[in-house]
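Data first, discussion second: the structure below is written as structure tokens.
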Protein chains: 2
Amino acid sequence: MSAFLGLYIHSFRIHTIAHSPITTMSHSYTEENYIKAIYKLSANGTQEVNTNAIAEVLETKAASVTDMLRKLSAKDIVNYVKYKGVSLTEQGERVALQIIRKHRLWETFLVEKLKFNWDEVHEVADEMEHISSTLLTNRLDEFLGFPKFDPHGDPIPSETGEMKQIKQRLLSDMEVNDAGVVVGVNDSQPLFLQYLDKMGIALGSKIKIIDKIPYDNSLEINLEDNKKLLISSEVSKNIFLSA
Amino acid sequence: MSAFLGLYIHSFRIHTIAHSPITTMSHSYTEENYIKAIYKLSANGTQEVNTNAIAEVLETKAASVTDMLRKLSAKDIVNYVKYKGVSLTEQGERVALQIIRKHRLWETFLVEKLKFNWDEVHEVADEMEHISSTLLTNRLDEFLGFPKFDPHGDPIPSETGEMKQIKQRLLSDMEVNDAGVVVGVNDSQPLFLQYLDKMGIALGSKIKIIDKIPYDNSLEINLEDNKKLLISSEVSKNIFLSA
DNA sequence: CAGTGAATTTAGATTCACCTAAAAATAAAA
DNA sequence: TTTTATTTTTAGGTGAATCTAAATTCACTG
């Protein structure tokens with residue numbers, strides 16, 4: 001209100017600067033899930049995200065997605081052009097990063113403090129990520145010692161949305177005699193993580209590629225204790241090693 | 001199942017035994033809030049809870065409450081007779097105790113681990129109490145060392161719904177020269193708790209009644225360091241001392 | 001015990017997130 | 001470039017939780 005005054009008193013001009021709105025709008029549980037889904041789908045591949053893809057990950061129908069995209073568009077969370085797909089706006093991306101921050105901090109809490117296994121945390125964190133208090137989020141972050149990566153090796157966004165990005169490459173992209181340390185997984189489904197547990201592969205495991213079978217692209221690898229393992233192509237596409 | 005076989009096998013009768021359902025039905029966020037509200041309202045005063053009271057604590061309208069009571073009645077969570085009020089069924093009480101268990105464990109976590117003040121935890125815990133995982137709840141309980149009381153002195157129900165009940169009486173019911181230790185508060189509103197903070201009254205504080213002013217029932221008390229305080233009747237009705 | 005006032009319930013709408021089925025737009029193939 | 005297939009959107013409707021306004025029941029008081 002009073003900010004406009006200055007506009008007309010030319011020597012006492014007060015400049016109203018356009019800034020990101022302080023009114024951090026809150027979003028419904030459902031909206032947050034859509035925002036997260038769109039973020040994740042646009043993370044790999046920078047193009048627009050299409051309706052069916054969102055419907056699939058959220059286990060809903062395309063028509064429902066269209067409804068929500070209209071709504072999120074009106075709230076300036078997504079850039080939405082009919083039939084052309086969506087992308088997050090800057091504001092939308094900020095919101096997404098906060099949700100992911102909470103998700104990954106809670107996952108870290110569950111594993112580090114409550115002794116959950118890394119395959120047990122995803123579902124629970126999917127609920128916890130919607131707890132709204134930012135004081136809580138920041139205190140949790142502090143309590144955990146400001147971790148930079150979650151139990152699956154995924155980076156945890158800071159309060160301002162920044163993430164440590166580490167150089168990593170897929171095990172499937174490596175050559176014979178290459179070696180590295182497991183720093184992340186590309187799939188957090190319980191069945192995959194349980195398989196890794198059984199094989200003795202965890203974050204921090206040292207791996208060396210012994211042989212590559214051209215027929216099916218499976219790999220023969222060595223773990224630190226010289227344990228030899230055969231890894232299918234499918235599996236090797238979901239393990240990140242330090243570059 | 002198989003244990004029952006022998007009982008009826010000789011006549012070939014298969015007897016369906018009514019037992020508490022193993023299918024622990026899940027309840028919506030909203031339903032849980034109603035269940036908690038009814039529990040709290042029936043805790044003080046064992047009579048039936050009336051519609052308007054529920055509407056008031058949930059900040060909703062009586063008509064909405066009626067709708068929900070019908071629904072909860074159909075689910076056998078409440079005993080509801082039109083125009084006569086409600087009470088929780090046994091099953092409803094079990095559900096209520098699990099919600100309260102989660103609420104109080106989270107409050108304890110926030111204060112003990114995340115350095116929240118006791119006046120900051122209620123609202124956050126109101127969100128966290130709806131996280132469904134019982135594994136989480138039990139691991140949290142363990143992590144906190146199986147606490148029996150929350151930061152306001154309220155008892156935390158065990159996994160089976162049992163609570164330690166300690167003998168306590170209201171400060172307002174005590175006489176001159178009586179003394180005791182603060183073991184709980186009857187009101188967890190931030191403003192009240194902040195007032196206690198300012199006065200230096202916390203759980204564990206030793207209090208002795210020095211004088212009682214008949215005119216307004218206010219009290220003159222001594223804290224452990226011989227600090228004298230004047231406490232209004234209103235305030236003294238919300239502080240529990242060990243009996 | 002009838003009559004009034006308060007509490008409660010019903011009736012009818014609204015909003016959110018979802019659905020199915022049909023129409024429209026886009027993309028791929030002939 | 002038509003035709004066909006796929007994707008996406010519209011249209012219309014459902015259930016959950018809410019609301020307002022009107023009707024009903026209860027409880028008290030004269």
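Below, chain A is the first sequence line, B the second, and so on; all start at residue 1.
- Looking at A:Glu142 and B:Lys115, no side-chain N of the basic residue comes within less than 4.0 Å of a carboxylate O on the acidic one, giving no salt bridge.
- Proximity of A:Thr51 to the phosphate of D:dT9: a side-chain N or O atom is located under 4.0 Å from OP1 or OP2.
- The CG-P distance, from A:Leu72 to C:dC16, rounds to 12 Å in whole Å.
- Atom NE2 of A:His27 and atom P of C:dC16 are 14 Å apart (whole Å).
- Of the side-chain N and O atoms in B:Arg70, one or more sit less than 4.0 angstrom from OP1 or OP2 of C:dT10.
- Applying a 4.0 Å cut-off to non-hydrogen atoms, the residues of residues 54-64 of chain A that approach DNA chain C are A:Thr60, A:Lys61, A:Ala63, A:Ser64, listed by residue number.
- Of the N and O atoms on the side chains of A:Glu127 and B:Ser132, at least one donor lies less than 3.5 Å from an acceptor on the other residue.
- Within the 4.0 angstrom heavy-atom criterion, only backbone atoms of the sugar-phosphate kind lie near A:Tyr80; the bases stay farther away.
- Within a 6.0 Å sphere centred on CD of B:Glu123, heavy atoms belonging to other residues, nucleotides or ligands number 12 at most.
- The distance between atom CG of A:Leu69 and atom P of D:dT9, rounded to the nearest whole Å, is 7 Å.
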Every protein N/O lying under 3.5 Å from an N/O of nucleotides 24-28 of chain C:
none

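- Taking 4.0 angstrom as the limit, A:Tyr34 places none of its side-chain polar atoms (N or O) nearer than this to OP1 or OP2 of C:dC16.
- Proximity of A:Asn52 to the phosphate of D:dT8: a side-chain N or O atom is located under 4.0 Å from OP1 or OP2.
- Among A:Asp154, A:Leu193, A:Asn238, the single residue meeting the side-chain contact (heavy atoms from CB on, under 4.5 Å) criterion with A:Val185 is A:Leu193.
- Residue A:Thr30 is in sugar-phosphate contact alone, with no base atom involved, counting any heavy-atom pair closer than 4.0 Å across all strands shown.
- In this structure, B:Arg70 has no salt bridge (Lys or Arg N to Asp or Glu O under 4.0 Å) partners at least two apart in sequence or on a different chain.
- Atom CD in B:Glu31 sits roughly 9 Å away from atom P in D:dA16 (whole-Å rounding).
- Ring geometry for A:Phe143 against B:Phe109 counts as perpendicular: the plane angle is over 60°, on a 0 to 90° scale with 30° as the lower cut.
- The structure places CD of A:Gln194 at 5.5 Å from CG of A:Leu191, a figure rounded to the nearest 0.5 Å.
- Between the side chains of B:Thr160 and B:Glu162, at least one donor N or O sits under 3.5 Å from an acceptor N or O.
- For a distance-only test at 3.5 Å, the side chain of A:Asp67 qualifies as a donor-acceptor partner of the base of C:dC18.
- Distance NE2/A:His103 to OG1/A:Thr108: 9.5 Å, rounded to 0.5 Å.
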